[in-house]
Amino acid sequence: MANLPILQFEDQIIETVERNPVVVIIGETGSGKSTQLSQMLHRRGYTKSGIVGVTQPRRVAAVSVARRVAQELGVQLGYEVGYAIRFEDRTSERTRIKYLTDGVLLRESLSDPELNQYSVIILDEAHERSLNTDILLGLMKRLVTLHASSLKVLITSATLDGEKVSKFFSNCPILNVPGKLYPVEILYSNERPTSYVESSLKTALDIHIREPEGDVLIFMTGQDDIEKLVSKLEDRVRSLDEGSCMDAIILPLHGSLPPEMQVRVFSPPPHNCRRFIVSTNIAETSLTVDGVVYVIDSGYVKQRQYNPTTGMYSLDVVQISKVQANQRAGRAGRTRPGKCYRLYPSILYHDDFLDVTVPEIQRSSLTGSVLYLKSLDLSDMDILKFDFLDPPSTESLEDALKQLYLIDAIDENGSITSIGRTMAELPLEPSLSRTLMEANERGCLSQALSVAAMLSAETTLLPGRSKGNEKKRKHTPLDLPDGSGLGDHIQLLQIYEHWDRNNYDIGWCKDHDLQVRGMLFVKDVRKQLSQIMQKIAKGSLDVRANGRWKESEMAYQKLRKALCIGYANQLAERMIHHNGYRTLSFKPQLVQVHPSSVLRPDDEGKLPDYVVYHELIATSRPYLRNVCAVEIDWVKPILNKVKKININKLSGGTGHIGEETKEKLSDLPKKEINVDGVPDDHESRIQAARERFRARKGKK
DNA sequence: GAGCACTGC
């Protein structure tokens, strides 16, 4: 550890921190910033007056970095050095250095807005610009400027973002700390390939034949392309002349791969064997693969974006930013000098790539964040004027206000209600928080807790859709409950209740093809939610999962009513002549129930007249995912409320965006703030992909 | 009759 580059800068860093409330540190990979900054501050006495808190965007990072620091200081983890993540607080009264996820710090600041227990907050990896980091940046600015606070704030970022962060904090100093990366030679293509799967294949084979040993990391956009490339690579490598080059192992790597498949990339390859790791951007930051010397970068990433006008998410393939391209290239230089093959021309990189990734706050629904900020009760707080590093669009903020109004979290003047206050205490999206509260009133809380917990883990419940899996699924699994014709929420409830009746048996999950890890997560979430609800209700509630299941018919009715109130912002009406739906809480969109839904047409071939939905997402078409049938009588009052919405009043009477914010908005290149802003060439790319898909189907 | 990148409380 002694030769980490950052240690030579200790005096300079401490002096700068001494004289300034906020300091930006640009530290490249391998600089040691995540482990050393906290220890430096500790050595220089900053842990005497309070805790040094270091935030991380990811749980694993918080845990592993804390573990290393404890080791370096020779203390037991959980004492002087600890960490706090959801479900796991390993800190004690003795803790002086605390690693935590930024989500946990936000939660802490709900009960302690001044963050009094901290002397220093280090926002690590701020260049990743997670939604939570962006909220924290705004809160930190407020803390250091509004109060005569002695809090010190350090922000670590990437080269391309440092100036901007410094400007945000009234031109605070920027310190550069060199990294410990080996040089990476960048090689560009002359033009964009028509198919980057083919182009990656060719490049990978070239490397395999011509270049000395070293693993190859290939960045693709998604599971489909990864599987395609993996099988093509296997074919081609097999057909190479025996003995003409070394052996090869080809490994896919993406999030929906079961954990035991993911960890395969951590075991070193056999001697004289090259590994090809075909990955999504999970290998960009979340997972570090050792032994990589060559990187192939398609220049694309799959990104989720939200359109506040339609309330619709879409999953699009978009061009990466310069920061991402550099991050990918850096993966080749961790163990020795490497090479990065960019499958795009250098002029494209320089002239067309955005400097930094569009921050999540400009690509997400802000309902949860706005409720959080409202609940902080900052006296000087006007949500439309909140000082964001990159402000979200007015449409997006207004959309959040409208939705919060529909679910009773704020009143018609935009003030937080007592319902809203309680909702903010629950670690759930607002619609589910509202559902729990309503369920509590109606005597179906235990059922609602199960549904909310199941929805929190939904994507990790069902197994991946790899070919082997599909075959297995047809034979073995036992039937899951069907939601009794009432939809997916009821099915999720039934699944959880079955599991409960089977004493949370792991074998039961396997028999029903449910991911064990996902189901255990659900159980944890449910427990956490139950505890919070007990505390809120200040009395004992019946939160047992399966209290009196003979009365389930009644409970379903009550639960659906509670869901209808909770999802008043996500309501849809069936079309008269077919089974398509029209959304009611936004500019109306024609949408369909996702084919994976358990909702089925009745004897007359019709779906329910009204449904609430958990998610609206456009893939090949706009789909409602996870729907629940609701009754017209419940819907009417909501529609009246929709009609009454007055955005001017909701946004605090002015109806105008604050002058400061307006200036900032005009500073930004349009591309960055346009939520629909998928550049044309991507649109045509996606269009082309769809046509290829149709053509392929035609052949079948 | 489709198939979703990655995080987090």
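Labels below follow one simple rule: chain letters A, B, ... track the order of the sequence lines, proteins then strands, and each chain is numbered from 1.
In this pair, A:Tyr306 and A:Tyr313 present their aromatic rings tilted. The plane angle is within the 30 to 60° band. Below 30°, between 30° and 60°, or above 60°: for A:Phe353 and A:Tyr344 the angle between ring planes is between 30° and 60°, a tilted geometry.
One atom, CZ of A:Arg328, and another, C1' of B:dA5, lie 10 Å apart when rounded to the nearest Å. For the pair A:Tyr306 OH and B:dC6 P, the interatomic distance rounds to 23 Å; values are reported in whole Å. Nucleotide B:dC6 holds its P atom 8 Å from the CD1 atom of A:Ile226, rounded to whole Å. Between A:Asn132 atom CG and B:dC9 atom C1' there is a gap of 8 Å when expressed in whole angstrom units. Per the geometry, CG belonging to A:Leu287 stands 7 Å off P belonging to B:dT7, to the nearest Å. Atom pair A:Ile85:CD1 and B:dT7:C1' shows a separation of 13 Å (rounding to whole Å applied). Between the CD atom of A:Gln324 and the C1' atom of B:dC6 there is a distance of 11 Å, given to the nearest Å. Taking atom CD of A:Gln262 as the reference point, atom P of B:dA5 lies 12 Å away to the nearest angstrom.
Among the protein residues, A:Thr101 comes within range of the sugar-phosphate backbone only, with heavy atoms under 4.0 Å from sugar or phosphate atoms but none that close to a base. The residue A:Leu131 sits apart from the nucleic acid: no heavy atom pair falls under 4.0 Å. Counting any heavy atom pair closer than 4.0 Å across all strands shown, A:Arg86 reaches a base atom. Within the 4.0 angstrom heavy-atom criterion, only backbone atoms of the sugar-phosphate kind lie near A:Thr280; the bases stay farther away. A:Asn281 comes within 4.0 angstrom of the backbone, heavy atoms only, and of no base. At the heavy-atom level, A:Val104 lies under 4.0 Å from the strands shown only through sugar-phosphate atoms. Using a 4.0 Å heavy-atom criterion, one finds that A:Glu425 contacts no nucleic acid atom at all.
OP1 or OP2 of B:dC9 has at least one side-chain nitrogen or oxygen of A:Arg59 nearer than 4.0 Å. Contact annotation: A:Gln223 side-chain N/O to B:dA5 OP1/OP2 distance is under 4.0 Å.
Environment of CZ in A:Arg59: crowded, with over 12 heavy atoms of neighbouring residues, nucleotides or ligands closer than 6.0 Å.
Proximity of A:Leu607 to A:Tyr581: side-chain heavy atoms (C-beta onward) are separated by under 4.5 Å at one or more points.
In this view, A:Gln592 and A:Arg621, A:Tyr623 satisfy the side-chain contact (heavy atoms from CB on, under 4.5 Å) rule, not counting sequence neighbours.
Distances were taken from every side-chain heavy atom of A:Tyr623 (C-beta onward) to each of B:dA2, B:dT7, B:dC9; the shortest belongs to B:dA2. Among B:dG1, B:dT7, B:dA5, the nucleotide with an atom closest to any side-chain atom of A:Pro595 is B:dG1. Of the candidates B:dG8, B:dA5, B:dC9, B:dC9 carries the atom nearest the A:Pro427 side chain, counting heavy atoms from C-beta on. Closest to the A:Arg304 side chain, of the nucleotides B:dC6, B:dA5, B:dG8, is B:dA5. The side chain of A:Arg621 approaches B:dA2 more closely than any other nucleotide in the set B:dA2, B:dA5, B:dC9. Listed nucleotides B:dA2, B:dC6, B:dC9 differ in distance to A:Ile282; the shortest reach to its side chain belongs to B:dC6.
When atom types are taken as modelled, the side chain of A:Asp161 and the backbone of A:His127 share no donor-acceptor pair closer than 3.5 angstrom.
Each of A:Leu426 and A:Val301 was assigned the nucleotide of DNA chain B with the nearest heavy atom; the assignment lying further toward the 5' end belongs to A:Val301.
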